[in-house]
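Note that the structure is predicted; figures quoted are calculated from it, not measured.
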Amino acid sequence: EFKEKLLADNKILGGAATLDEATDGLLIRGDNFQALTLLSVRHRGKITCIYIDPPYNTDAGPIAYKNGYRHSSWLALVDDRLRVANQCLAESGLLCITIDDVELHRLRCLTDSTLSERELLGVVAIKNNPAGRTGTVGFSICHEYALFYGRPDVAEIGRLAHSETQKARYKERDELGAFEWTNFRKHGGLNTYRTTRPRQYYPIYVKGTSIRIPKMDWDNDARDYVVHEKVQEGEIVLWPIDENGRERIWDFVVDTARENINHFQVKNDSANKPAIYRKWRINDEGLLPQTWWDKSLYSAAEYGTNFLTHLFGVAHAFTFPKSIHAVTDCLRVAGMRNDKKGYALDFFGGSGTTGHAVINLNREDGGKRKYILVEMGDYFDTVTKPRLQKVIYSKDWKDGKPVSREGSSHLFKYLRLESYEDALNNLELKRT
């Protein structure tokens, strides 16, 4: 009766209509194939992103899943689960799988067939071990991969935040926001020459600080402009010619340049010669994710293993936890940055990094994202669940103690699944 009254209390539910609506996360202890079969009924087509870090099929260290499968057995393990999990993914949902070189090419063959309606959108190399793997012969491996799958017509790749160093470059502001002055003449790459983009090679007239783009028409036969206005007294003509006398191009075509001429300025360049500069603005939505991630924050040792040590106060027995920052950025790219009420599913839950990352994303912007984690290892009760309880209570920990009281109002539910065989094995028969 007490439990029923508690769950019926609107204050306890935070204004939510039901307990499920108020619940921020779901943890399932049990075999992930059984759990996915259960989830595929209720969450079919509702998951925003799936992030998984399956066993890498190496003998690097002991984990709860059998490590060191023959390739076909490992592929069968992943295939069975992906087929069921794919049913949970929304039409616009994204899947992210992290893997290393041992099974990368076989995994690609598998996912390209299993996820036939979802294409490979990108492969990211993540520098997760800056020091390199020691004790190896030949090359010292310092990276892993993240494969992103989705439907190109509807999937929306999330952007990553600008670094503080990048933001610091934009020191000036106007009515439209922050900007920096950059040379209007393009200067890098093969497609910045007149020969490749002749329509962006045209004259600009300058007199003091005044800038004028003359009337002109494009002659398709001559592949050049016919200029209809002459240079006036006191004006000089600027062309996009670099310091080595090579014919480059302007950043914009003629019409776009005219529309933005109020955001141009005449300044002396590094050679102390007059040049056109334009306002270059930071994209408030962030950066398109690149295919090489090498932030120091992605170090699994520093922000995975050491983080668990800070959290629990001792060097923990859990091996190879992911960097919280690497997982958070994978979730951002896989749609959770844009969908503030989305679901993230991880059916190789491990130490709970994915749930932790969702909690951090919600702390950043006040979102209502939810997570579902599935884990079968005994460390579910000693690492996975306690980790989430701790990071909910406080954002920062050291030596197993909270450094701050910056916590979250949070409710998660956890289930334990038993197979029929488990139930039989757990029976204790006593003769009376």
Decide whether Thr192 and Arg185 meet the rule of one side-chain donor and one side-chain acceptor closer than 3.5 Å.
-> no

Val266 and Ile276: CA distance, side-chain angles, deciding distance, side chain to side chain contact (heavy atoms under 4.5 Å, CB included) verdict | CA-CA 5 Å; Val266 180; Ile276 305 293; 4.2 Å; yes

Determine, stepwise, if the pair Asp224 / Asp219 fulfils side chain to side chain contact (heavy atoms under 4.5 Å, CB included).
-> CA-CA 5 Å; Asp224 198 359; Asp219 185 334; 5.6 Å; no

Above 12 or not: heavy atoms from other molecules or residues under 6.0 Å from CD of Glu4?
-> no

Asp153/Arg151 salt bridge by N-O under 4.0 Å criterion = yes

Pick out which of Trp280, Tyr277, Phe264 makes a ring pair (Phe, Tyr, Trp, His ring centres under 6.0 Å) with Phe184.
-> Phe264

Nearest heavy-atom pair of Phe318 and Ser351: which atoms, and what distance?
-> CZ-N, 3.3 Å

Does one side chain, of Thr48 or Asp339, offer a donor that lies under 3.5 Å from an acceptor on the other?
-> yes

Using side-chain hydrogen bond (donor to acceptor under 3.5 Å, both in side chains) as the criterion, point out the one residue from Asp294, Asp101, Asp100 that pairs with His143.
-> Asp101

Give a yes or no on whether Lys390 atom NZ has more than 12 heavy-atom contacts from other residues, nucleotides or ligands under 6.0 Å away.
-> yes

Using atom types as modelled and distance alone, determine if a side-chain donor or acceptor of Asp396 lies under 3.5 Å from a backbone N or O of Val403.
-> no

Least distance between heavy atoms, Tyr298 atom then His325 atom = CE2-O, 3.8 Å

Any side-chain donor near an acceptor of the partner, Tyr201 and Arg248, under 3.5 Å = no

Modelled atom types, side-chain donor and acceptor of Thr98 and Asp53, under 3.5 Å | yes

Salt-bridged, Asp365 to Arg337, with N to O below 4.0 Å?
-> no

Of all heavy-atom pairs linking Gly177 and Arg281, the shortest is O-NH1, 3.5 Å

Would a 4.5 Å heavy-atom cut-off, applied to side chains only, mark Ile213 and Val254 as touching?
-> yes

Around atom CG of Leu190, are there more than 12 heavy atoms of other residues, nucleotides or ligands at under 6.0 Å?
-> no

Should Ser408 and Asp24 count as side-chain neighbours, where that means a heavy-atom distance under 4.5 Å?
-> no

So which heavy atom on Gly350 is nearest to which on Tyr379, and how close?
-> O-CE1, 3.6 Å

Val374: which of Asn32, Leu38, Leu27 passes side chain to side chain contact (heavy atoms under 4.5 Å, CB included) = Asn32

The reported gap from OH in Tyr225 to CG in Asp217 (rounded to nearest 0.5 angstrom) is 9.5 Å

Assess the side chains of Asp242 and Tyr193: does a donor N or O sit below 3.5 Å from an acceptor N or O?
-> no

Can you tell me how far the CG atom of Asn338 sits from the CD atom of Glu156, to the nearest 0.5 Å?
-> 4.5 Å

Using modelled atom types only, decide if a donor and an acceptor are shared between the side chain of Ser299 and the backbone of Ser296 within a distance under 3.5 Å.
-> no

Heavy-atom side-chain proximity of Phe347 to Glu375 below 4.5 angstrom | no

Hey, could you give me the CE/OH distance between Met336 and Tyr343, rounded to the nearest 0.5 Å?
-> 10.0 Å

For the side chain of Thr309 and the backbone of Thr305, is there at least one donor-acceptor N/O pair under 3.5 Å apart?
-> yes

Verify the neighbour count for atom CD of Gln290: are there more than 12 heavy atoms of other residues, nucleotides or ligands below 6.0 Å?
-> no

Give me the one residue out of His43, His356, His410 that meets ring pair (Phe, Tyr, Trp, His ring centres under 6.0 Å) with Tyr371.
-> His410

Minimum heavy-atom distance Gly352-Leu373, with the two atoms named | CA-CD1, 3.9 Å

How are the rings of Phe380 and Tyr414 set to each other: parallel, tilted or perpendicular (split at 30° and 60°)?
-> tilted

Verify side chain to side chain contact (heavy atoms under 4.5 Å, CB included) between Ile126 and Cys330, making sure each step is shown before the conclusion.
-> CA-CA 10 Å; Ile126 304 176; Cys330 283; 4.3 Å; yes

Partners of Ile282 by side-chain contact (heavy atoms from CB on, under 4.5 Å), sequence neighbours excluded?
-> His162, Lys167, Tyr170, Asp284

Look at the rings of Tyr202 and Trp250 and say which category their plane angle falls in: under 30° parallel, 30 to 60° tilted, over 60° perpendicular.
-> tilted

Ionic contact status for Arg199 with Asp255, cut-off 4.0 Å | no

Trp293/Leu160 under side chain to side chain contact (heavy atoms under 4.5 Å, CB included): CA gap, chis, key distance, verdict = CA-CA 11 Å; Trp293 295 4; Leu160 296 177; 4.0 Å; yes

Does any non-hydrogen side-chain atom of Asn360 lie less than 4.5 Å from one of Val391?
-> no

Crowded around Glu21 CD? As in, over 12 foreign heavy atoms under 6.0 Å?
-> yes

side-chain contact (heavy atoms from CB on, under 4.5 Å) partners for Asn86, two or more places apart = Leu89, Leu115, Glu117, Arg118

About how many Å separate CD1 of Ile372 and CD1 of Ile47, when rounded to the nearest 0.5 Å?
-> 4.0 Å

State which residue, out of Leu94, Leu120, Thr114, fulfils the side chain to side chain contact (heavy atoms under 4.5 Å, CB included) condition with Tyr149.
-> Leu120

Taking the side chain as C-beta and beyond, is there a heavy-atom pair between Gln34 and Ile28 under 4.5 Å?
-> no

Does a side-chain heavy-atom distance below 4.5 Å link Ile52 with Leu82?
-> yes

Under a 4.5 Å cut-off applied to non-hydrogen side-chain atoms, are Asp31 and Arg81 in contact?
-> yes

Measure from NZ or CZ of Lys385 to the centre of the six-membered ring of Phe412 and say whether it is under 6.0 Å with the direction within 45° of the ring axis.
-> no

Is any side-chain heavy atom of Val123 less than 4.5 Å from a side-chain heavy atom of Thr291?
-> no

In terms of heavy-atom contacts, does NZ of Lys401 have more than 12 from other residues, nucleotides or ligands at under 6.0 Å?
-> no

Is Asp79 reaching over with its side chain to a backbone N or O of Leu75, donor-acceptor style, under 3.5 angstrom?
-> no

So which heavy atom on Lys46 is nearest to which on Arg42, and how close?
-> NZ-O, 3.3 Å

Could you label the plane-to-plane angle of the Phe179 and Trp181 rings as parallel, tilted or perpendicular, counting under 30° as parallel and over 60° as perpendicular?
-> perpendicular

Any chance you could measure Leu19, atom CG, to Lys413, atom NZ, to the nearest 0.5 Å?
-> 6.0 Å

So NE2 of His263 and NZ of Lys279: to nearest 0.5 Å the spacing works out to 5.5 Å

Answer yes or no: is there an ion pair linking Asp20 with Lys370, defined by an N-O contact shorter than 4.0 Å?
-> no

